[in-house]
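What you see below is based on every heavy atom in this structure, not just the backbone, and it leaves out hydrogens, waters and symmetry mates. Start at 1 with the first residue, then count along the sequence. In this text, all values refer to a predicted model and were calculated from it rather than measured experimentally.
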Amino acid sequence: LQEPGFDERGGLLYEPGATKFELVPDAPTREDAALALSHLEEIFCDFRFKNESARSAALAALLTPFAMPAIAGPLPLFGVIAPTPGAGKTLLVHAISTLATGRKTAMIPPTGQVEEQRKRIFAINAEGAAIVLIDNATGAFGDEVISGMLTTRLLRDRTLGESAAPEVPVNGIWFVT
């Protein structure tokens with residue numbers, strides 16, 4: 001995907017605007033890959049990661065939205081943790097979202113109520129959100145609704161106020177801070 005426009009095969013739209021990008025070689029070398037990785041790592045240069053595993057997880061989170069056409073199974077949820085408030089957890093998710101979608105992601109607060117969680121998750125997936133951030137969770141996180149969403153690419157639930165129970169795809173990448 002190097003030419004501006006819609007790519008029929010990949011189903012992707014590429015509109016770089018006035019920005020000029022280097023062409024990717026048809027047969028990239030190891031050196032080409034290392035250079036590309038250094039450019040990606042530069043995105044995270046101001047974030048203080050605890051270790052290389054945490055940096056690698058951030059890189060995986062950045063690449064996941066672009067790899068989604070190749071992922072046949074369930075999508076991951078990325079947990080972003082830090083030892084102190086104000087460390088940049090939400091900023092990291094916004095950086096990933098901006099690069100993947102062109103904008104920051106909307107944030108939703110955590111809820112400890114399973115029924116409310118079920119309704120929100122179904123509605124957000126029905127809207128087709130690309131990236132979702134559950135911000136400022138404290139203590140243990142997760143319940144049967146989150147677990148269920150993370151093990152499928154298709155949800156079925158009753159639409160609020162109706163007796164219909166449509167299927168909706170789970171196509172978004174979820175984050176929790």
Side-chain angles (χ1 to χ4, degrees), residues 1-2 7 10 12-17 19-111 117 121 124-125 128-143 145-153 170-177:
L1 184 63
Q2 301 194 70
D7 180 64
L12 299 171
L13 178 64
Y14 175 51
E15 291 184 355
T19 305
K20 301 291 183 202
F21 294 99
E22 295 178 31
L23 293 179
V24 177
D26 288 336
T29 65
R30 190 170 194 77
E31 291 77 24
D32 292 329
L35 179 61
L37 177 61
S38 72
H39 289 312
L40 290 173
E41 288 178 332
E42 192 174 311
I43 294 165
F44 303 123
C45 68
D46 291 328
F47 293 96
R48 292 179 27 202
F49 294 101
K50 181 177 181 179
N51 52 38
E52 282 305 308
S53 295
R55 182 181 305 283
S56 295
L59 183 60
L62 173 62
L63 294 175
T64 297
F66 302 101
M68 283 179 51
I71 301 172
L75 299 170
L77 177 145
F78 291 95
V80 183
I81 59 173
T84 60
K89 301 178 297 292
T90 302
L91 183 61
L92 177 70
V93 177
H94 283 318
I96 292 168
S97 180
T98 300
L99 288 164
T101 68
R103 66 179 189 85
K104 294 178 179 181
T105 187
M107 299 180 293
I108 61 172
T111 178
Q117 185 87 297
I121 284 178
I124 289 168
N125 281 296
I131 296 183
V132 182
L133 170 58
I134 300 173
D135 199 31
N136 294 318
T138 57
F141 176 79
D143 55 35
V145 179
I146 293 284
S147 296
M149 180 190 68
L150 294 176
T151 58
T152 187
R153 289 293 294 268
V170 178
N171 286 330
I173 308 298
W174 288 68
F175 290 83
V176 63
T177 63

[X] atom [atom1], neighbour heavy-atom count above 12 within 6.0 Å:
X    : atom1 : value
D46  : CG    : no
I81  : CD1   : no
R153 : CZ    : yes

Which atom pair, heavy atoms only, marks the closest approach of [X] to [Y]?
X    : Y    : value
A58  : F44  : O-CZ, 3.6 Å
N136 : P110 : O-CG, 3.8 Å
P28  : P25  : CD-O, 3.4 Å
K89  : T84  : NZ-O, 3.8 Å
V24  : Q2   : N-OE1, 2.5 Å
F66  : A100 : CZ-CA, 3.6 Å

Is any side-chain heavy atom of [X] less than 4.5 Å from a side-chain heavy atom of [Y]?
X    : Y    : answer
L92  : T177 : no
F141 : I146 : yes
I121 : I124 : no
I131 : T101 : yes
P74  : L150 : no
L133 : W174 : no
I96  : F78  : no
M107 : H94  : yes

*Give me the ring orientation class for Y14 and F21: parallel if the planes are under 30° apart, tilted from 30 to 60°, perpendicular past 60°.*
tilted
Check: [X] side chain, [Y] main-chain N or O, donor-acceptor pair, under 3.5 Å:
X    : Y    : value
T151 : G148 : yes
R55  : K50  : no
S147 : D143 : yes

If you measure from [atom1] on [X] to [atom2] on [Y], what distance do you get to the nearest 0.5 Å?
X    : Y   : atom1 : atom2 : value
I134 : L77 : CD1   : CG    : 6.5 Å
E41  : L59 : CD    : CG    : 6.5 Å
T64  : I71 : OG1   : CD1   : 5.5 Å

*Audit row: F175, V132, side-chain contact (heavy atoms from CB on, under 4.5 Å) steps and yes/no*: CA-CA 6 Å; F175 290 83; V132 182; over 6 Å; no
*asked:* Would N171 and N125 count as a side-chain contact (heavy atoms from CB on, under 4.5 Å) here? Give the steps.
replied: CA-CA 7 Å; N171 286 330; N125 281 296; over 6 Å; no
